[in-house]
Number of protein chains: 2
Amino acid sequence: MNDRSGTPRDAASTAVADPDAVARVWAAMCSLVLKQEDRRKEVAETLGMSFFRAKALRRLLPGPLTMRELTARLATEKPYTTLVVDDLERRGFVERSVHPDDRRCKIVTLTTAGVAAAEQAERILARPPRSLLDLAPEDLAALDRIMAELRSPRG
Amino acid sequence: MNDRSGTPRDAASTAVADPDAVARVWAAMCSLVLKQEDRRKEVAETLGMSFFRAKALRRLLPGPLTMRELTARLATEKPYTTLVVDDLERRGFVERSVHPDDRRCKIVTLTTAGVAAAEQAERILARPPRSLLDLAPEDLAALDRIMAELRSPRG
DNA sequence: AATAATGGTTATATGTCTATAACTGATGGT
DNA sequence: ACCATCAGTTATAGACATATAACCATTATT
């Protein structure tokens, strides 16, 4: 059947995307990304901690955060952040210090070991699948451009 | 600096991919897919079950499976499959029956409610992000082609 | 100064999944 | 018939994360 009767040929610039193509693309993208979700397991095993803890370290990579901020970035609850930071501190990956301007706040900072662990986690997660590396240069360039487009939709 | 000194112009077809571009593309792809990982939560909340259970239903959508097969597809252990199927059966989403040729095996089949739930889960997960829908038709077509390429790398 | 609000901790209960061991019933090879 | 194997179940222990309530110290409000 393939009923394409309603295809409007006038609205070229604002054409509605082909739903089938969008679905195909989205499914393929999800499949590719989620297929090696065992990367999470690899991170956990490599660092000897739960993926969640590794995530906490990664969130601290840009710079120190208060417990409150870290809680928000991990999308969890305060008590669990306390628990996780306790553990990370005990293992020497982070340090707690009191905020100079507000003694209620604690500032969580990565130690040298913490930075190393966080970077290793990032490295593992950033490792692209083989098929991406094998892509033809012109396809990669096109993909690069389009993914940038997807990130920041043009006006 | 951008040192491209070693670029071999002879091996065009087997050119090494630009590592930066690959990294960018991969990061963008992961970001896009993982950003709405709350889809999982949406599925769980909508169906009133854990995402893992919803996943079990989805795996059964193509057709009935034995416990063993279902266990393999869920990448879990037999005892947990028993538990999950027990729960899904109690709630009326699946039914167990004995395999006609091998009475050791149980065949797990979706009920009507199970099919509906599984399809709803698929629908939620298949929903692409806005930016994909807004993509220019020619970009979408290119993306479609390249993603297909990524799925089954050419020889 | 009294009170409320905030950041963090402690304690506790629960849901979800992982991992093992031990068991039952059915099948298949000898 | 005997024994090994296989599918599934039961039981148990534990890791990990979620969710709440109660609490303390500090800061802000009045």
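The chains referred to below are lettered A, B, ... by the order of the sequence lines, with proteins before strands, and numbering in each begins at 1.
Side-chain atoms of A:T71 come within 3.5 Å of backbone N or O of A:M67 as a donor-acceptor pair. With B:R39 contributing its side chain and B:R127 its backbone, the two residues share a donor-acceptor pair below 3.5 Å. Although no hydrogens or angles enter the test, the distance criterion places no donor-acceptor pair under 3.5 Å between the side chain of A:E45 and the main chain of A:E42.
Note: B:C105 SG to B:R103 CZ = 12.0 Å, rounded to the nearest 0.5 Å.
Using a 4.5 Å heavy-atom threshold, the side chains of B:D87 and B:R91 count as touching.
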Using the 3.5 Å cut-off, write out each protein N or O paired with an N or O of nucleotides 27-30 of chain C and the distance between them.
from   : atom 1 : to     : atom 2 : distance (Å)
C:dT27 : OP1    : B:R103 : N      : 2.9

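Remark: A:K41 is not in phosphate contact with C:dT18, judged by side-chain N or O atoms under 4.0 Å from OP1 or OP2. Between B:Y80 and the phosphate of C:dC17, there is a side-chain N or O to OP1/OP2 separation shorter than 4.0 Å.
C:dC17 atom P lies 17 Å from atom CZ of A:F52, rounded to whole Å.
Take the nearest nucleotide of DNA chain C for B:S50 and for A:K106: the residue whose nucleotide is more 5' is A:K106.
Here chain A contacts DNA chain D (any atom closer than 4.0 Å to a heavy atom, that is under 4.0 Å), and the contacts span D:dC16 to D:dT27 from 5' to 3'.
Other residues, nucleotides and ligands place no more than 12 heavy atoms under 6.0 Å from the CZ atom of B:R68.
The side chain to side chain donor-acceptor pair (under 3.5 Å) contacts involving residues 106-126 of chain B comprise B:R58-B:E122, where partners must be two or more places apart or lie in separate chains.
Counting non-hydrogen atoms under 4.0 angstrom, B:T81 reaches nothing in the nucleic acid.
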